[in-house]
Number of protein chains: 2
Amino acid sequence: MGYSKSDKAETHTRIVSVAAKRFRELGLEGIGVADVMKEAGVTVGGFYKHFDSRDELVVEALATAFQDLDRWEEHTDTLTKALEKYLSEEHRDAPGTGCALGALLGDMSRASRSAKAVYTARLKRTLAYSTGLVPPNGTSDRRARAILTISAMLGAINLSRGVSDPNLSREILQQTRDQLISLNRPAKVHLPGDASRAGARYGS
Amino acid sequence: MGYSKSDKAETHTRIVSVAAKRFRELGLEGIGVADVMKEAGVTVGGFYKHFDSRDELVVEALATAFQDLDRWEEHTDTLTKALEKYLSEEHRDAPGTGCALGALLGDMSRASRSAKAVYTARLKRTLAYSTGLVPPNGTSDRRARAILTISAMLGAINLSRGVSDPNLSREILQQTRDQLISLNRPAKVHLPGDASRAGARYGS
DNA sequence: ATTATCTATAGATCTATAGATAATGC
DNA sequence: ATTATCTATAGATCTATAGATAATGC
(Lines give C-alpha, C1' and ligand atoms only; values in the text may rest on other atoms or scores of the structure.)
Protein backbone atom coordinates (compact mmCIF):
# COMPACT_ATOMS: atom_id res chain seq x y z
CA MET A 1 0.00 0.00 0.00
CA GLY A 2 1.64 3.18 -1.20
CA TYR A 3 1.64 6.60 0.37
CA SER A 4 3.80 8.59 -2.04
CA LYS A 5 2.63 11.43 -4.25
CA SER A 6 2.88 9.29 -7.40
CA ASP A 7 0.85 6.60 -5.64
CA LYS A 8 -1.80 9.19 -4.92
CA ALA A 9 -1.99 10.06 -8.61
CA GLU A 10 -2.42 6.38 -9.44
CA THR A 11 -5.13 6.00 -6.81
CA HIS A 12 -6.87 9.06 -8.23
CA THR A 13 -6.81 7.59 -11.74
CA ARG A 14 -8.18 4.30 -10.44
CA ILE A 15 -11.05 6.00 -8.61
CA VAL A 16 -12.03 7.99 -11.69
CA SER A 17 -11.79 4.92 -13.94
CA VAL A 18 -14.07 2.91 -11.68
CA ALA A 19 -16.54 5.81 -11.59
CA ALA A 20 -16.40 6.28 -15.37
CA LYS A 21 -17.41 2.65 -15.79
CA ARG A 22 -19.99 2.35 -13.03
CA PHE A 23 -21.71 5.66 -13.78
CA ARG A 24 -22.27 4.48 -17.35
CA GLU A 25 -23.67 1.18 -16.09
CA LEU A 26 -25.70 2.41 -13.13
CA GLY A 27 -26.35 6.08 -13.83
CA LEU A 28 -24.82 9.14 -12.20
CA GLU A 29 -26.77 8.46 -8.98
CA GLY A 30 -26.51 4.70 -9.21
CA ILE A 31 -23.41 4.21 -7.08
CA GLY A 32 -22.12 6.00 -3.99
CA VAL A 33 -18.64 7.29 -3.28
CA ALA A 34 -18.01 4.55 -0.68
CA ASP A 35 -18.57 1.77 -3.22
CA VAL A 36 -16.49 3.51 -5.87
CA MET A 37 -13.62 3.88 -3.38
CA LYS A 38 -13.93 0.27 -2.28
CA GLU A 39 -13.80 -0.95 -5.87
CA ALA A 40 -10.72 1.21 -6.42
CA GLY A 41 -9.08 -0.59 -3.49
CA VAL A 42 -9.22 2.25 -0.92
CA THR A 43 -11.60 3.34 1.84
CA VAL A 44 -14.18 6.08 1.80
CA GLY A 45 -12.37 8.40 4.23
CA GLY A 46 -9.79 9.49 1.69
CA PHE A 47 -12.34 10.61 -0.86
CA TYR A 48 -12.36 14.31 -0.07
CA LYS A 49 -8.57 14.51 -0.24
CA HIS A 50 -9.05 13.64 -3.92
CA PHE A 51 -12.23 15.59 -4.74
CA ASP A 52 -13.94 18.66 -3.30
CA SER A 53 -17.34 17.06 -3.76
CA ARG A 54 -19.08 14.07 -5.28
CA ASP A 55 -19.98 16.18 -8.29
CA GLU A 56 -16.30 16.79 -8.97
CA LEU A 57 -15.91 13.02 -9.35
CA VAL A 58 -18.88 12.98 -11.72
CA VAL A 59 -17.28 15.65 -13.90
CA GLU A 60 -13.88 13.91 -13.99
CA ALA A 61 -15.51 10.54 -14.66
CA LEU A 62 -17.47 12.01 -17.54
CA ALA A 63 -14.29 13.39 -19.09
CA THR A 64 -12.61 9.99 -18.71
CA ALA A 65 -15.61 8.16 -20.17
CA PHE A 66 -15.47 10.45 -23.19
CA GLN A 67 -11.89 9.37 -23.82
CA ASP A 68 -13.30 5.96 -24.78
CA LEU A 69 -15.33 7.81 -27.37
CA ASP A 70 -12.15 9.43 -28.73
CA ARG A 71 -10.64 6.02 -29.34
CA TRP A 72 -13.88 4.83 -30.89
CA GLU A 73 -14.02 7.72 -33.32
CA GLU A 74 -10.37 7.21 -34.24
CA HIS A 75 -11.10 3.65 -35.33
CA THR A 76 -14.31 4.21 -37.29
CA ASP A 77 -13.71 6.28 -40.40
CA THR A 78 -17.06 5.77 -42.10
CA LEU A 79 -20.58 6.32 -40.85
CA THR A 80 -21.63 2.80 -41.84
CA LYS A 81 -18.87 1.28 -39.70
CA ALA A 82 -19.76 3.56 -36.82
CA LEU A 83 -23.43 2.60 -37.04
CA GLU A 84 -22.71 -1.12 -37.21
CA LYS A 85 -20.56 -0.93 -34.12
CA TYR A 86 -22.75 1.48 -32.19
CA LEU A 87 -26.10 -0.20 -32.80
CA SER A 88 -24.85 -3.70 -32.01
CA GLU A 89 -25.85 -6.12 -29.27
CA GLU A 90 -22.26 -6.04 -28.01
CA HIS A 91 -22.42 -2.29 -27.40
CA ARG A 92 -25.90 -2.59 -25.92
CA ASP A 93 -24.67 -5.15 -23.41
CA ALA A 94 -21.51 -3.26 -22.39
CA PRO A 95 -22.55 0.25 -21.36
CA GLY A 96 -19.69 0.47 -18.88
CA THR A 97 -17.12 0.58 -21.66
CA GLY A 98 -19.38 2.08 -24.31
CA CYS A 99 -20.51 5.51 -25.43
CA ALA A 100 -21.18 7.83 -22.50
CA LEU A 101 -23.39 10.10 -24.62
CA GLY A 102 -25.73 7.13 -24.93
CA ALA A 103 -25.37 5.64 -21.47
CA LEU A 104 -25.98 8.94 -19.68
CA LEU A 105 -28.44 10.58 -22.07
CA GLY A 106 -31.37 10.34 -19.68
CA ASP A 107 -29.34 11.47 -16.67
CA MET A 108 -28.30 14.81 -18.12
CA SER A 109 -31.60 16.66 -17.72
CA ARG A 110 -31.25 16.16 -13.95
CA ALA A 111 -27.46 16.48 -13.71
CA SER A 112 -25.45 19.36 -12.25
CA ARG A 113 -24.67 22.41 -14.30
CA SER A 114 -21.01 21.37 -14.60
CA ALA A 115 -21.80 17.80 -15.67
CA LYS A 116 -24.19 19.14 -18.31
CA ALA A 117 -21.50 21.48 -19.60
CA VAL A 118 -19.05 18.60 -20.10
CA TYR A 119 -21.70 16.50 -21.81
CA THR A 120 -22.79 19.36 -24.07
CA ALA A 121 -19.23 20.19 -25.12
CA ARG A 122 -18.64 16.57 -26.01
CA LEU A 123 -21.90 16.32 -27.95
CA LYS A 124 -20.81 19.32 -30.03
CA ARG A 125 -17.51 17.66 -30.83
CA THR A 126 -19.18 14.41 -31.85
CA LEU A 127 -21.77 16.29 -33.89
CA ALA A 128 -19.03 18.13 -35.79
CA TYR A 129 -17.17 14.87 -36.35
CA SER A 130 -20.32 13.09 -37.54
CA THR A 131 -21.19 15.91 -39.90
CA GLY A 132 -17.86 15.20 -41.58
CA LEU A 133 -18.83 11.55 -42.04
CA VAL A 134 -22.27 12.24 -43.50
CA PRO A 135 -22.19 12.26 -47.29
CA PRO A 136 -23.66 15.17 -49.20
CA ASN A 137 -26.87 14.14 -50.95
CA GLY A 138 -28.22 17.34 -52.44
CA THR A 139 -31.49 17.01 -50.54
CA SER A 140 -30.73 18.10 -47.00
CA ASP A 141 -28.00 19.73 -45.03
CA ARG A 142 -25.25 17.41 -43.80
CA ARG A 143 -25.36 18.80 -40.27
CA ALA A 144 -29.12 18.30 -40.20
CA ARG A 145 -28.69 14.66 -41.15
CA ALA A 146 -25.93 14.26 -38.57
CA ILE A 147 -28.33 15.55 -35.90
CA LEU A 148 -31.03 13.11 -37.00
CA THR A 149 -28.50 10.28 -37.06
CA ILE A 150 -27.17 11.00 -33.57
CA SER A 151 -30.68 11.44 -32.15
CA ALA A 152 -31.72 8.10 -33.58
CA MET A 153 -28.52 6.35 -32.42
CA LEU A 154 -28.91 7.59 -28.86
CA GLY A 155 -32.63 6.87 -28.81
CA ALA A 156 -32.20 3.36 -30.19
CA ILE A 157 -29.36 2.31 -27.88
CA ASN A 158 -31.36 3.52 -24.89
CA LEU A 159 -34.52 1.77 -26.05
CA SER A 160 -32.62 -1.44 -26.73
CA ARG A 161 -31.31 -1.35 -23.16
CA GLY A 162 -34.62 -0.45 -21.60
CA VAL A 163 -37.14 -2.83 -23.12
CA SER A 164 -37.66 -6.21 -21.54
CA ASP A 165 -38.43 -8.06 -24.77
CA PRO A 166 -35.16 -9.31 -26.35
CA ASN A 167 -36.70 -9.62 -29.81
CA LEU A 168 -37.94 -6.04 -29.76
CA SER A 169 -34.55 -4.92 -28.45
CA ARG A 170 -32.78 -6.56 -31.40
CA GLU A 171 -35.32 -5.25 -33.87
CA ILE A 172 -34.83 -1.68 -32.68
CA LEU A 173 -31.06 -1.97 -33.11
CA GLN A 174 -31.25 -3.64 -36.52
CA GLN A 175 -33.91 -1.45 -38.09
CA THR A 176 -32.54 1.83 -36.80
CA ARG A 177 -29.09 0.82 -38.02
CA ASP A 178 -30.32 -0.26 -41.47
CA GLN A 179 -32.49 2.82 -41.91
CA LEU A 180 -29.67 5.18 -40.94
CA ILE A 181 -27.21 3.41 -43.23
CA SER A 182 -29.50 3.65 -46.23
CA LEU A 183 -30.39 7.23 -45.34
CA ASN A 184 -26.73 8.17 -45.27
CA ARG A 185 -25.78 6.41 -48.46
CA PRO A 186 -24.19 8.87 -50.87
CA ALA A 187 -26.67 9.99 -53.49
CA LYS A 188 -26.26 8.28 -56.82
CA VAL A 189 -24.56 10.95 -58.84
CA HIS A 190 -25.91 11.16 -62.34
CA LEU A 191 -23.42 13.66 -63.75
CA PRO A 192 -21.11 11.82 -66.10
CA GLY A 193 -17.53 11.52 -64.91
CA ASP A 194 -18.40 11.92 -61.23
CA ALA A 195 -17.55 8.50 -59.84
CA SER A 196 -19.23 6.95 -56.86
CA ARG A 197 -17.72 8.02 -53.60
CA ALA A 198 -19.39 5.45 -51.38
CA GLY A 199 -17.40 4.74 -48.25
CA ALA A 200 -15.20 7.78 -48.70
CA ARG A 201 -14.57 10.34 -46.02
CA TYR A 202 -16.20 13.67 -46.70
CA GLY A 203 -14.41 16.92 -46.08
CA SER A 204 -15.99 19.66 -44.06
CA MET B 1 -60.34 15.50 5.70
CA GLY B 2 -62.23 12.41 4.62
CA TYR B 3 -61.97 8.90 5.99
CA SER B 4 -64.50 7.03 3.86
CA LYS B 5 -63.77 4.35 1.31
CA SER B 6 -64.54 6.64 -1.61
CA ASP B 7 -62.25 9.25 -0.05
CA LYS B 8 -59.52 6.65 0.03
CA ALA B 9 -59.97 6.00 -3.68
CA GLU B 10 -59.67 9.73 -4.33
CA THR B 11 -56.56 9.98 -2.21
CA HIS B 12 -55.11 7.02 -4.07
CA THR B 13 -55.75 8.70 -7.42
CA ARG B 14 -54.18 11.91 -6.17
CA ILE B 15 -51.05 10.12 -4.99
CA VAL B 16 -50.62 8.34 -8.30
CA SER B 17 -51.23 11.54 -10.29
CA VAL B 18 -48.57 13.42 -8.33
CA ALA B 19 -46.15 10.54 -8.85
CA ALA B 20 -46.93 10.30 -12.58
CA LYS B 21 -45.99 13.96 -12.93
CA ARG B 22 -42.99 14.09 -10.63
CA PHE B 23 -41.44 10.85 -11.88
CA ARG B 24 -41.49 12.25 -15.41
CA GLU B 25 -39.88 15.47 -14.21
CA LEU B 26 -37.36 14.07 -11.74
CA GLY B 27 -36.86 10.45 -12.78
CA LEU B 28 -38.12 7.30 -11.09
CA GLU B 29 -35.63 7.76 -8.24
CA GLY B 30 -35.88 11.53 -8.17
CA ILE B 31 -38.57 11.87 -5.51
CA GLY B 32 -39.32 9.88 -2.37
CA VAL B 33 -42.63 8.54 -1.14
CA ALA B 34 -42.78 11.11 1.67
CA ASP B 35 -42.64 14.05 -0.74
CA VAL B 36 -45.18 12.46 -3.08
CA MET B 37 -47.56 11.93 -0.17
CA LYS B 38 -47.05 15.46 1.09
CA GLU B 39 -47.81 16.91 -2.34
CA ALA B 40 -50.95 14.77 -2.48
CA GLY B 41 -52.02 16.37 0.80
CA VAL B 42 -51.48 13.39 3.11
CA THR B 43 -48.67 12.14 5.33
CA VAL B 44 -46.14 9.42 4.69
CA GLY B 45 -47.48 6.95 7.25
CA GLY B 46 -50.48 5.98 5.16
CA PHE B 47 -48.43 5.07 2.12
CA TYR B 48 -48.30 1.32 2.68
CA LYS B 49 -52.04 1.11 3.16
CA HIS B 50 -52.21 2.22 -0.49
CA PHE B 51 -49.25 0.33 -1.97
CA ASP B 52 -47.33 -2.83 -1.05
CA SER B 53 -44.04 -1.19 -2.00
CA ARG B 54 -42.60 1.91 -3.59
CA ASP B 55 -42.25 0.00 -6.85
CA GLU B 56 -45.98 -0.59 -6.92
CA LEU B 57 -46.42 3.19 -6.98
CA VAL B 58 -43.91 3.39 -9.83
CA VAL B 59 -45.88 0.87 -11.87
CA GLU B 60 -49.22 2.59 -11.25
CA ALA B 61 -47.72 6.00 -11.97
CA LEU B 62 -46.30 4.73 -15.26
CA ALA B 63 -49.70 3.43 -16.31
CA THR B 64 -51.27 6.78 -15.43
CA ALA B 65 -48.57 8.71 -17.26
CA PHE B 66 -49.23 6.64 -20.36
CA GLN B 67 -52.87 7.73 -20.28
CA ASP B 68 -51.64 11.20 -21.24
CA LEU B 69 -50.09 9.53 -24.27
CA ASP B 70 -53.46 7.98 -25.15
CA ARG B 71 -55.04 11.40 -25.26
CA TRP B 72 -52.10 12.70 -27.28
CA GLU B 73 -52.42 9.96 -29.88
CA GLU B 74 -56.17 10.51 -30.13
CA HIS B 75 -55.62 14.13 -31.09
CA THR B 76 -52.79 13.73 -33.62
CA ASP B 77 -53.94 11.86 -36.67
CA THR B 78 -50.94 12.51 -38.91
CA LEU B 79 -47.25 11.89 -38.34
CA THR B 80 -46.38 15.47 -39.26
CA LYS B 81 -48.71 16.84 -36.59
CA ALA B 82 -47.34 14.39 -34.06
CA LEU B 83 -43.76 15.39 -34.85
CA GLU B 84 -44.48 19.11 -34.65
CA LYS B 85 -46.06 18.72 -31.26
CA TYR B 86 -43.58 16.19 -29.89
CA LEU B 87 -40.38 17.92 -30.96
CA SER B 88 -41.46 21.35 -29.75
CA GLU B 89 -39.99 23.60 -27.07
CA GLU B 90 -43.31 23.42 -25.22
CA HIS B 91 -43.07 19.65 -24.88
CA ARG B 92 -39.37 19.87 -24.03
CA ASP B 93 -40.15 22.26 -21.17
CA ALA B 94 -43.07 20.30 -19.74
CA PRO B 95 -41.88 16.72 -19.15
CA GLY B 96 -44.27 16.34 -16.21
CA THR B 97 -47.30 16.40 -18.50
CA GLY B 98 -45.53 15.08 -21.61
CA CYS B 99 -44.65 11.74 -23.11
CA ALA B 100 -43.49 9.23 -20.50
CA LEU B 101 -41.70 7.11 -23.11
CA GLY B 102 -39.42 10.10 -23.64
CA ALA B 103 -39.16 11.37 -20.09
CA LEU B 104 -38.27 7.96 -18.62
CA LEU B 105 -36.28 6.49 -21.51
CA GLY B 106 -32.97 6.60 -19.66
CA ASP B 107 -34.45 5.27 -16.42
CA MET B 108 -35.75 2.04 -17.88
CA SER B 109 -32.45 0.18 -18.18
CA ARG B 110 -32.13 0.42 -14.37
CA ALA B 111 -35.81 0.08 -13.51
CA SER B 112 -37.55 -2.90 -11.91
CA ARG B 113 -38.70 -5.81 -13.99
CA SER B 114 -42.34 -4.78 -13.56
CA ALA B 115 -41.74 -1.15 -14.54
CA LYS B 116 -39.85 -2.30 -17.63
CA ALA B 117 -42.73 -4.57 -18.57
CA VAL B 118 -45.22 -1.68 -18.45
CA TYR B 119 -42.91 0.54 -20.47
CA THR B 120 -42.24 -2.17 -23.06
CA ALA B 121 -45.92 -2.95 -23.52
CA ARG B 122 -46.66 0.74 -24.07
CA LEU B 123 -43.78 1.11 -26.53
CA LYS B 124 -45.22 -1.76 -28.56
CA ARG B 125 -48.60 -0.07 -28.68
CA THR B 126 -47.12 3.24 -29.76
CA LEU B 127 -44.93 1.52 -32.34
CA ALA B 128 -47.97 -0.21 -33.84
CA TYR B 129 -49.88 3.06 -33.86
CA SER B 130 -46.97 4.93 -35.46
CA THR B 131 -46.54 2.26 -38.11
CA GLY B 132 -50.10 3.07 -39.15
CA LEU B 133 -49.21 6.76 -39.54
CA VAL B 134 -46.08 6.17 -41.60
CA PRO B 135 -46.83 6.40 -45.33
CA PRO B 136 -45.73 3.60 -47.65
CA ASN B 137 -42.87 4.75 -49.85
CA GLY B 138 -41.81 1.62 -51.72
CA THR B 139 -38.27 1.90 -50.42
CA SER B 140 -38.39 0.58 -46.88
CA ASP B 141 -40.74 -1.19 -44.56
CA ARG B 142 -43.23 1.04 -42.73
CA ARG B 143 -42.53 -0.56 -39.38
CA ALA B 144 -38.81 -0.05 -39.93
CA ARG B 145 -39.39 3.63 -40.57
CA ALA B 146 -41.64 3.87 -37.53
CA ILE B 147 -38.82 2.43 -35.41
CA LEU B 148 -36.34 4.93 -36.80
CA THR B 149 -38.83 7.74 -36.24
CA ILE B 150 -39.54 6.80 -32.63
CA SER B 151 -35.84 6.29 -31.86
CA ALA B 152 -35.04 9.73 -33.24
CA MET B 153 -37.97 11.38 -31.44
CA LEU B 154 -36.98 9.91 -28.08
CA GLY B 155 -33.30 10.65 -28.64
CA ALA B 156 -33.95 14.24 -29.69
CA ILE B 157 -36.34 15.13 -26.87
CA ASN B 158 -33.86 13.74 -24.35
CA LEU B 159 -30.93 15.58 -25.93
CA SER B 160 -32.90 18.82 -26.06
CA ARG B 161 -33.58 18.50 -22.33
CA GLY B 162 -30.05 17.50 -21.43
CA VAL B 163 -27.82 19.99 -23.21
CA SER B 164 -27.01 23.28 -21.52
CA ASP B 165 -26.81 25.33 -24.73
CA PRO B 166 -30.29 26.66 -25.62
CA ASN B 167 -29.38 27.19 -29.27
CA LEU B 168 -28.17 23.63 -29.66
CA SER B 169 -31.28 22.41 -27.87
CA ARG B 170 -33.52 24.23 -30.35
CA GLU B 171 -31.46 23.10 -33.31
CA ILE B 172 -31.77 19.45 -32.27
CA LEU B 173 -35.55 19.75 -32.03
CA GLN B 174 -35.94 21.64 -35.30
CA GLN B 175 -33.62 19.57 -37.44
CA THR B 176 -34.76 16.20 -36.15
CA ARG B 177 -38.36 17.26 -36.69
CA ASP B 178 -37.74 18.57 -40.21
CA GLN B 179 -35.69 15.53 -41.23
CA LEU B 180 -38.31 13.11 -39.93
CA ILE B 181 -41.12 14.99 -41.63
CA SER B 182 -39.40 14.96 -45.01
CA LEU B 183 -38.38 11.34 -44.51
CA ASN B 184 -41.98 10.38 -43.87
CA ARG B 185 -43.46 12.33 -46.74
CA PRO B 186 -45.45 10.00 -48.98
CA ALA B 187 -43.50 9.09 -52.10
CA LYS B 188 -44.50 11.06 -55.16
CA VAL B 189 -46.43 8.48 -57.10
CA HIS B 190 -45.64 8.55 -60.80
CA LEU B 191 -48.27 6.10 -61.98
CA PRO B 192 -50.97 8.02 -63.83
CA GLY B 193 -54.27 8.13 -62.04
CA ASP B 194 -52.84 7.53 -58.55
CA ALA B 195 -53.53 10.80 -56.79
CA SER B 196 -51.39 12.24 -54.03
CA ARG B 197 -52.29 10.93 -50.63
CA ALA B 198 -50.27 13.38 -48.57
CA GLY B 199 -51.73 13.92 -45.14
CA ALA B 200 -53.98 10.90 -45.32
CA ARG B 201 -54.15 8.22 -42.72
CA TYR B 202 -52.66 4.94 -43.85
CA GLY B 203 -54.29 1.63 -43.13
CA SER B 204 -52.38 -1.22 -41.61
C1' DA C 1 7.05 17.74 9.13
C1' DT C 2 4.11 16.51 5.77
C1' DT C 3 0.70 13.68 3.69
C1' DA C 4 -1.92 9.52 1.82
C1' DT C 5 -4.86 6.62 3.74
C1' DC C 6 -7.48 4.61 7.53
C1' DT C 7 -11.30 4.02 11.13
C1' DA C 8 -15.25 6.09 12.98
C1' DT C 9 -19.11 8.93 12.95
C1' DA C 10 -22.30 13.09 12.37
C1' DG C 11 -26.25 14.46 10.02
C1' DA C 12 -29.35 14.08 6.27
C1' DT C 13 -31.85 11.30 3.56
C1' DC C 14 -35.09 7.21 2.33
C1' DT C 15 -38.23 2.94 2.71
C1' DA C 16 -40.99 0.60 5.69
C1' DT C 17 -43.44 -0.32 10.12
C1' DA C 18 -45.78 0.32 14.78
C1' DG C 19 -49.20 2.12 17.28
C1' DA C 20 -52.47 6.13 18.14
C1' DT C 21 -56.40 8.90 16.51
C1' DA C 22 -60.61 9.99 14.47
C1' DA C 23 -63.61 9.05 11.29
C1' DT C 24 -67.10 5.57 8.87
C1' DG C 25 -70.59 2.15 8.64
C1' DC C 26 -72.89 -1.91 10.40
C1' DA D 1 -65.75 -2.86 14.89
C1' DT D 2 -63.44 -1.38 11.11
C1' DT D 3 -60.47 1.60 8.65
C1' DA D 4 -58.22 5.89 6.61
C1' DT D 5 -54.96 8.67 8.16
C1' DC D 6 -51.75 10.49 11.57
C1' DT D 7 -47.32 10.89 14.48
C1' DA D 8 -43.12 8.75 15.48
C1' DT D 9 -39.35 5.93 14.61
C1' DA D 10 -36.34 1.83 13.28
C1' DG D 11 -32.86 0.62 10.20
C1' DA D 12 -30.46 1.23 5.99
C1' DT D 13 -28.46 4.19 3.08
C1' DC D 14 -25.46 8.35 1.51
C1' DT D 15 -22.27 12.61 1.59
C1' DA D 16 -19.01 14.79 4.17
C1' DT D 17 -15.83 15.46 8.16
C1' DA D 18 -12.72 14.55 12.32
C1' DG D 19 -8.93 12.63 14.06
C1' DA D 20 -5.57 8.58 14.12
C1' DT D 21 -1.99 5.92 11.70
C1' DA D 22 1.78 4.96 8.91
C1' DA D 23 4.19 6.07 5.28
C1' DT D 24 7.22 9.69 2.48
C1' DG D 25 10.64 13.14 1.85
C1' DC D 26 13.21 17.23 3.37
Side-chain angles (χ1 to χ4, degrees), chain A residues 1-62 104 107 110-115, chain B residues 1-62 104 107 110-115:
Chain A
M1 191 177 303
Y3 283 81
S4 71
K5 253 182 182 167
S6 66
D7 283 337
K8 187 183 184 186
E10 274 175 39
T11 299
H12 191 96
T13 303
R14 235 178 315 118
I15 296 168
V16 175
S17 293
V18 168
K21 183 179 184 186
R22 295 292 175 223
F23 285 154
R24 275 176 283 182
E25 290 173 351
L26 309 170
L28 294 182
E29 312 289 326
I31 186 169
V33 298
D35 286 336
V36 171
M37 293 296 272
K38 181 183 270 186
E39 198 175 340
V42 284
T43 58
V44 65
F47 183 83
Y48 292 88
K49 293 292 186 326
H50 284 274
F51 308 95
D52 284 346
S53 67
R54 184 185 190 281
D55 191 58
E56 201 171 287
L57 172 65
V58 170
V59 167
E60 283 195 38
L62 264 182
L104 300 172
D107 287 31
R110 302 143 198 160
S112 70
R113 185 184 303 263
S114 46
Chain B
M1 190 174 305
Y3 284 80
S4 71
K5 250 181 187 169
S6 66
D7 284 336
K8 187 184 184 187
E10 273 175 40
T11 301
H12 191 95
T13 303
R14 234 178 315 117
I15 297 167
V16 175
S17 293
V18 169
K21 182 178 184 187
R22 294 294 175 220
F23 283 155
R24 277 177 282 183
E25 288 173 352
L26 308 170
L28 293 182
E29 311 290 326
I31 187 169
V33 296
D35 285 336
V36 171
M37 293 296 274
K38 180 183 271 184
E39 199 175 340
V42 284
T43 59
V44 64
F47 183 83
Y48 292 88
K49 293 290 187 324
H50 284 275
F51 307 95
D52 284 344
S53 66
R54 183 184 190 280
D55 191 58
E56 202 172 285
L57 172 63
V58 169
V59 168
E60 284 195 37
L62 264 182
L104 299 172
D107 287 31
R110 302 144 198 159
S112 71
R113 186 184 303 261
S114 46

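Excluded from the calculations below are hydrogen atoms, water molecules and symmetry mates; all remaining heavy atoms, backbone and side chain alike, are included. In what follows, chains are A, B, ... by sequence order, proteins preceding strands, each numbered from 1.
- The interatomic distance linking Lys49(B) (NZ) with dA23(C) (P) rounds to 18 Å, in whole Å.
- Whole-Å rounding puts the Arg54(B) CZ to dA12(D) C1' distance at 15 Å.
- OP1 or OP2 of dT15(C) has not a single side-chain nitrogen or oxygen of Ser53(B) nearer than 4.0 Å.
- With rounding to whole Å, Asp52(B) atom CG is found 14 Å from dT17(C) atom C1'.
- Residue Lys8(B) has its side chain nearest to dA4(D) when only dA16(D), dA4(D), dT5(C) are considered.
- Atom CZ of Phe51(B) and atom P of dA4(D) are 13 Å apart (whole Å).
- Among the heavy atoms of the strands lying under 4.0 Å from Gly32(B) are primed sugar atoms or P, OP1, OP2 only; no base atom is included.
- Of the candidates dT5(C), dT5(D), dT17(D), dT5(C) carries the atom nearest the Val42(A) side chain, counting heavy atoms from C-beta on.
- Distance from the side chain of Thr43(A) is smallest for dC6(C) among the nucleotides dC6(C), dT17(C), dT5(C).
- Put simply, the side chain of Val36(A) does not reach to within 4.5 Å of the side chain of Val33(A), judged on heavy atoms.
- With rounding to whole Å, Phe47(A) atom CZ is found 17 Å from dA18(D) atom C1'.
- Between Leu28(A) atom CG and dC14(D) atom P the separation is 15 Å, expressed in whole Å.
- Pairing for dT21(C) is with dA4(D), a Watson-Crick or G-U wobble pair whose two hydrogen-bonding atom distances lie under 3.5 Å.
- Protein atom CE of Met37(B) is 8 Å distant from nucleotide atom P of dT5(D), rounded to whole Å.
- Nearest-nucleotide mapping onto DNA chain C: of Val44(A) and His50(A), the residue sitting toward the 5' end is His50(A).
- Taking the side chain as every heavy atom from C-beta outward, Leu57(B) and Phe23(B) approach each other to under 4.5 Å.
- Closest approach of Arg110(B) and Asp107(A) over heavy atoms only: NH1-OD1, 3.0 Å.
- Distances shown here put every side-chain N or O of Tyr48(B) at or beyond 4.0 Å from the OP1 or OP2 atom of dT17(C).
- Partner of His50(A) under the side-chain hydrogen bond (donor to acceptor under 3.5 Å, both in side chains) criterion, out of His12(A), Lys8(A), Glu60(A): His12(A) alone.
- Rounding to the nearest 0.5 Å places CD of Glu29(B) at 10.0 Å from CD of Glu29(A).
- Distance Lys38(A) NZ to dT13(D) P: 11 Å, rounded to the nearest Å.
- When the nearest nucleotides of DNA chain C are assigned to Asp35(B) and Gly46(B) by heavy-atom distance, the more 5′-ward of the two goes with Asp35(B).
- Across every strand in view, dT13(C) sits in a pair with dA12(D) that passes the Watson-Crick or G-U test at under 3.5 angstrom.
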